[in-house]
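By convention here, the first residue in the shown sequence is residue 1.
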Amino acid sequence: MNRIRGVFIVICGMSHLTGALCDRPSEPQVRQSCLSLAQVSKDLWDNDVNRIATGDITLNYQGQVSTSNRTDQSSHKLFSHVNENKLSGPTYQTFLSLLDNYVPDKGVKESLTSSESSENTAFLNAILNTRVMNVLLNYLQCRGFVNNQADLRSVLTKLWLDFYPRSGTSTVNDTSGFEHVLAGEYKSSTEVNGFHSWLSFYQKEKAGQLNYYGYVSKGE
């Protein structure tokens with residue numbers, strides 16, 4: 001899975017989907033022995049043995065564009081090199097298997113086949129078997145948010161994989177946390193919504209399904 005260190009941030013940032021995990025008014029009292037949020041974030045990073053290292057990816061930024069300029073300023077792909085040997089592990093492979101399980105069009109009801117359900121289970125099994133998730137589990141247990149790994153699995157399923165309407169006025173379950181954030185979806189015929197995963201971007205670019213125009217700004 002790409003950048004598993006972001007798991008806790010995703011959980012808190014999407015807690016409105018279940019109204020639970022990081023809602024301060026209903027938080028149990030913090031125990032003195034619990035790690036600080038800063039420390040647990042560091043531990044998540046330090047224990048992410050599957051993460052991509054700097055030398056595993058080479059980006060070709062090429063021309064700069066603005067959000068209002070849709071002219072292609074790059075004649076080559078963004079990714080000029082990715083060490084795909086790093087993508088052979090179970091967290092990456094099970095993540096990749098989920099990317100084609102969604103209909104990106106707004107208002108189209110999502111469904112879950114038995115095969116897709118098995119892929120969801122395999123993905124959760126893979127990430128829950130990592131040191132990153134063990135750090136997260138220990139922290140959430142200390143804070144009183146979950147009792148065991150089964151509770152954490154249930155939370156992750158609700159936050160990432162359960163379907164819900166992307167529009168507040170709709171009753172059509174046309175998206176999920178995973179679909180929006182990681183797989184990406186269409187906001188309109190000319191605009192993409194979500195799609196925050198570099199790995200999803202790379203896969204689509206490699207398959208010729210995406211044309212890189214250029215960069216807006218470079219993060220340090």
Side-chain angles (χ1 to χ4, degrees), residues 1-54 56-57 86-87 89-99 117-166 168 175-184 193-200 219-220:
M1 176 184 177
N2 64 315
R3 298 277 180 172
I4 298 180
R5 68 186 180 90
V7 164
F8 179 70
I9 296 172
V10 170
I11 289 174
C12 290
M14 297 171 57
S15 61
H16 64 284
L17 301 182
T18 60
L21 197 56
C22 301
D23 192 15
R24 288 189 179 277
S26 60
E27 276 188 357
Q29 186 175 358
V30 180
R31 303 173 192 174
Q32 293 298 317
S33 60
C34 293
L35 295 175
S36 67
L37 186 56
Q39 182 59 55
V40 76
S41 298
K42 182 179 183 302
D43 285 354
L44 289 171
W45 173 261
D46 290 344
N47 281 277
D48 186 6
V49 297
N50 297 317
R51 69 172 177 263
I52 295 292
T54 303
D56 292 323
I57 291 180
K86 296 293 288 286
L87 307 182
T91 53
Y92 286 102
Q93 288 299 302
T94 56
F95 171 87
L96 291 171
S97 73
L98 303 188
L99 294 180
S117 178
S118 296
E119 289 175 345
N120 286 349
T121 298
F123 172 64
L124 291 175
N125 288 344
I127 63 172
L128 287 169
N129 196 38
T130 62
R131 285 159 48 181
V132 169
M133 279 298 187
N134 190 52
V135 170
L136 177 62
L137 175 61
N138 289 338
Y139 175 74
L140 295 180
Q141 284 178 317
C142 186
R143 294 294 300 269
F145 288 123
V146 301
N147 294 316
N148 47 46
Q149 190 183 87
D151 286 350
L152 179 56
R153 177 186 289 269
S154 178
V155 169
L156 294 175
T157 299
K158 290 177 181 178
L159 294 178
W160 289 354
L161 303 174
D162 284 356
F163 300 128
Y164 62 91
R166 74 176 75 174
T175 193
S176 69
F178 188 100
E179 178 179 359
H180 174 81
V181 176
L182 300 172
N193 209 10
F195 197 47
H196 303 300
S197 166
W198 74 266
L199 188 50
S200 296
E220 296 299 330

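Remark: the backbone N or O of Leu37 is paired with a side-chain donor or acceptor of Ser41 at under 3.5 angstrom. Put simply, the side chain of Asn129 never gets that close to the backbone of Asn125: no donor and acceptor are under 3.5 Å apart. Panel note: side chain Asp48, backbone Leu44; no donor-acceptor pair is recorded below 3.5 Å. Not a single donor-acceptor pair under 3.5 Å links the side chain of Arg143 to the backbone N or O of Cys34. Glu179 contributes no side-chain N or O that, together with a main-chain N or O of Gly184, makes up a donor-acceptor pair within less than 3.5 Å. No donor-acceptor pair under 3.5 Å is formed between the side chain of Ser200 and the backbone N or O of His196.
The CG atom of Leu156 lies 8.0 Å from the CG atom of Leu161; values are rounded to the nearest 0.5 Å. Interatomic distance, CG of Leu140 versus CG of Asp151, reported as 10.0 Å (0.5 Å rounding). Distance CE/Met133 to CG/Asn47: 12.5 Å, rounded to 0.5 Å. Annotation: the span from Arg51 atom CZ to Thr91 atom OG1 amounts to 13.0 Å, rounded to 0.5 Å.
Two residues are said to be in side-chain contact when any heavy atoms from C-beta on lie closer than 4.5 Å; Trp198 and Ile52 meet this criterion. At least one side-chain heavy atom of Ile127 sits less than 4.5 Å from a side-chain heavy atom of Trp160.
Checked against Leu137 for a side chain to side chain contact (heavy atoms under 4.5 Å, CB included), the options Val132, Val146, Asn148 give a single hit: Val146.
The minimum heavy-atom distance linking Leu124 with Arg153 is given by the pair CB-NH1, 3.6 Å. When all heavy atoms are compared, the tightest approach of Gln141 to Asn147 is NE2-O, 2.9 Å. Considering all non-hydrogen atoms of both residues, Arg166 and Thr175 come closest at CB-CG2, 3.5 Å. Nearest heavy-atom pair, Tyr92 versus Asn50, reported as atom, atom and distance to 0.1 Å: OH-O, 2.7 Å. Across every non-hydrogen atom of Ser176 and Phe163, the tightest pair is CB-CD2, 3.9 Å. In terms of heavy-atom proximity, Phe195 sits nearest to Leu182 at CD1-O, 4.3 Å.
Around the NZ atom of Lys86, the shell of radius 6.0 Å holds more than 12 heavy atoms that belong to other residues, nucleotides or ligands.
Taking the six-membered ring where the residue is Trp, Phe123 and Phe178 present perpendicular rings, their angle passing 60° and hence far from 30°.
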